[in-house]
Asks: 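Quick one: the structure is below, questions incoming.
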Amino acid sequence: MDRTSHRRRRTAGLIAGAVAAVTALTAGVLTAPAASADATLGQLAAAKGRYFGSATDNPTLSDVPYQQILGSEFGQITVGNTMKWMYTEPTQGQFDYTQAEAIVDRAEANDQLVRGHTLVWHNQLPGWVSNVPADRLLGVMRDHITNEVAHFKGRLIHWDVVNEAFEENGSRRQSVFQQKIGDGYIAEAFKAARAADPNVKLYYNDYNIEGVNAKSDAVYNMVKSFKQQGVPIDGVGLQAHLIVGQVPATLQQNIQRFADLGVDVAITELDIRMDLPRTTAKDTQQAEDYGKVVRACLAVSRCVGMTIWDFADHHSWIPSVFPGQGAALLYDENFGKKPAYYAVAAALGGTSSPSPSPSPSPSPSPGGDGCTASYKVTSQWQNGFTADVTVRNSGTAAIDGWTVTWTFPDGQRISNLWNGDLTADGSSVTVRNVGYNGRLGAGASTSFGFQGSYTSSNGTPTGIACAAA
Ligand code: XIL
C-alpha cells in the first residue's frame with residue numbers, strides 16, 4: 001500500500017518535473033539556439049504537455065546500446081507483449097507478472113511513464129480461456145482484469161482495457177468474449193478495471209481507426225453511449241500502424257471528434273511501414289508522414305501522447321507479420337537516426353537536425369572553410385561505442401555539401417555509419433554528406449552517427465576538420 005501511494009505521487013511529479021526541465025532548456029534556447037539539439041523526443045513532447053514513448057519487449061533488456069537509447073530518448077514506455085493474458089495468467093488463477101515487472105521497474109528507474117497493454121484481447125490469449133463455459137466467462141474476465149489492474153495499481157498512467165473489438169465494417173469482432181458474453185462485455189471490462197484502480201486512465205484501443213471510417217464510427221458510437229450511460233472510459237487509443245504515403249487525411253478531425261466526446265486520445269502503436277528496400281524517396285515520404293501524425297496530435301489538446309511500436313527497425317514486429325515490408329521506425333538497425341526521427345523532433349518543436357553540443361573534449365574544426373564539425377561519444381560499453389558528429393554551416397551563405405575528416409588516436413574502427421558516406425583508411429576517416437543532408441543554410445546544422453569499436457582506450461579524434469562544397 002505504501003509503495004502504491006509512493007509510486008502514484010512519483011508519477012504525478014514526474015510529468016511536472018519533465019516539463020520544468022524542458023521549459024528551462026527552452027528558455028535557454030532563446031539566447032543560445034544551439035542548446036536545443038540535446039533535447040530528446042521525450043523532453044520535446046513534455047515541453048508541449050505530452051509524452052513521446054516507445055514500446056519495448058523483454059528480449060532487449062540485456063542489449064546495452066538499445067537500452068541506452070530506450071532509457072534516455074523516450075518519456076514513456078509500453079510493455080509490448082508481457083502484460084498480455086498469455087503471459088500474466090497462463091493457467092487459470094495463476095498470475096505471473098515477472099516479465100512485465102522487469103520492464104516497469106526499468107522504466108521507473110528511468111523516470112518514464114508506463115502504459116499498460118492490454119487486458120482483454122482475442123490474440124495472445126491462453127488456450128484455456130476459450131474453453132471456459134459461456135456462463136462463467138464474464139467472471140473469468142473480471143477476475144483477470146481485477147488481478148492485473150490491482151497488481152500494477154499506482155504504477156501506470158493508462159490501461160488498454162479492451163483491444164481490437166471491432167471489424168473493418170464496424171461490426172463487433174466475433175471473439176470468444178463477444179460470442180460467450182455478448183455486446184456487454186466491453187462495458188463490463190471497463191467497470192471491472194475502474195473498480196480495481198480508480199486512478200489509472202482506461203482506454204479502448206484499436207487499429208484502422210485513425211481516420212474517419214466505418215470502424216472508427218463504430219468506436220465513436222460506443223464511446224458516446226458509454227459516456228451517456230456512465231460506463232467508465234477515459235480514452236481512445238489509435239494504434240496507427242500506418243503505411244508510407246497513406247496517413248489518413250481525416251486524422252486530426254477524427255482525433256478531435258473523440259476529444260469532443262470528453263475522452264482523451266493517444267497514438268498508441270505508431271509505425272509507418274514501407275515496401276523494402278528503403279530508398280531515399282521512401283525515407284523522405286516517411287519523415288513527412290511521421291511529422292503529419294505528430295502535428296495532428298499536437299493540434300488537439302486532448303491528444304495526450306504518442307508511442308512508437310519500438311524504435312529501431314530490427315526490433316519491429318512488421319517484417320514478421322507483413323512480409324516484404326519494414327523499416328517502419330525512427331532508428332535503423334544500427335541505431336542510426338533516420339530522417340523520420342528528425343521529422344518527429346522538428347514537429348515536436350525541436351530543430352530538424354541536431355546542432356553542436358558540448359563534447360567531453362569539444363573539437364570543432366577551425367573556421368574559414370564554411371563549416372565546423374564537433375564530435376561526441378554518445379554511449380560506450382566494453383570495446384564498443386556510438387558517436388555523433390554535428391556538422392554546422394558556420395558561414396554566411398548556404399553550402400551544398402560537406403566533408404569531415406579526422407584521425408583516431410587509439411586505433412578505433414567504425415563498423416556502421418548513418419546519415420553520411422564513409423571512407424576509412426586505417427585510422428584516417430573521411431565522411432561526406434549523403435543526398436538529403438548536404439545542403440545547409442547559413443547557421444544550419446545536421447549530424448551523422450556511427451557505431452565503432454576500440455581496444456583499450458577511446459580517445460577523442462585529432463585533426464577533426466570540415467570542408468564545405
Ligand atoms: C505485437 C507484438 O509487437 C509482437 O511481438 C507479437 O508477436 C504480436 O503482437 N496490435 C497490438 C499489439 O495491439 O499488441 C501487437 O503487438 C501489434 C498489433
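Whatever order the structure lists ligands and atoms in, that order sets their numbers, starting from 1. Both backbone and side-chain heavy atoms feed into the values below; hydrogens, waters and symmetry mates do not. As the structure is a prediction and not an experimental result, all values here were calculated from the model.
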Asks: State plainly whether the residues K224 and D260 are in salt-bridge range, i.e. N to O under 4.0 Å.
Replies: no

Asks: Using a 4.0 Å cut-off to any heavy atom of E269, which atoms of ligand 1 qualify?
Replies: 10 (N), 11 (C), 12 (C), 13 (O), 17 (C), 18 (C)

Asks: For atom 16 (O) of ligand 1, state which one of Q239, M83, K84 supplies the nearest heavy atom.
Replies: K84

Asks: Provide, to 0.1 Å, the distance between atom 7 (O) of ligand 1 and the closest protein heavy atom, together with that atom's residue and name.
Replies: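 For atom 7 (O) of ligand 1, the nearest protein heavy atom is Q124 NE2, 4.2 Å.
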
Asks: Can you find a side-chain donor-acceptor pair between N163 and Q239 that sits under 3.5 Å?
Replies: yes

Asks: Touching ligand 1 at all, W309? Heavy atoms, strictly under 4.0 Å?
Replies: yes

Asks: Would K338 and D283 pass as an ion pair if we require N to O under 4.0 Å?
Replies: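 No, this pair does not count.
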
Asks: Going by the atom numbers of ligand 1, which of them fall below 4.0 Å from some non-hydrogen atom of N163?
Replies: 11 (C), 13 (O)

Asks: With backbone taken as N, CA, C and O and side chain as the heavy atoms from C-beta onward, which portion of Y207 lies under 4.0 Å from ligand 1: side chain, backbone, both, or neither?
Replies: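 Answer for Y207: neither.
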
Asks: Quick test of your reading of the model: are R155 and D197 salt-bridged, counting only N-O distances below 4.0 Å?
Replies: no

Asks: Does Y51 have R115 sitting over its ring (NZ/CZ under 6.0 Å from centre, angle to axis within 45°)?
Replies: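 Not flagged: R115 not positioned over aromatic ring of Y51.
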
Asks: State whether the shortest distance between N or O atoms of H117 and N or O atoms of ligand 1 falls below 3.5 angstrom.
Replies: yes

Asks: Tell me whether the NZ or CZ atom of K215 lies within the 45° cone about the ring axis of Y207 and under 6.0 Å from its centre.
Replies: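 Judged by the rule, K215 and Y207 form a cation-pi pair.
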
Asks: Taking only heavy atoms of N81 into account, list the atoms of ligand 1 that are under 4.0 Å away from them.
Replies: 2 (C), 4 (C), 5 (O), 6 (C), 9 (O)

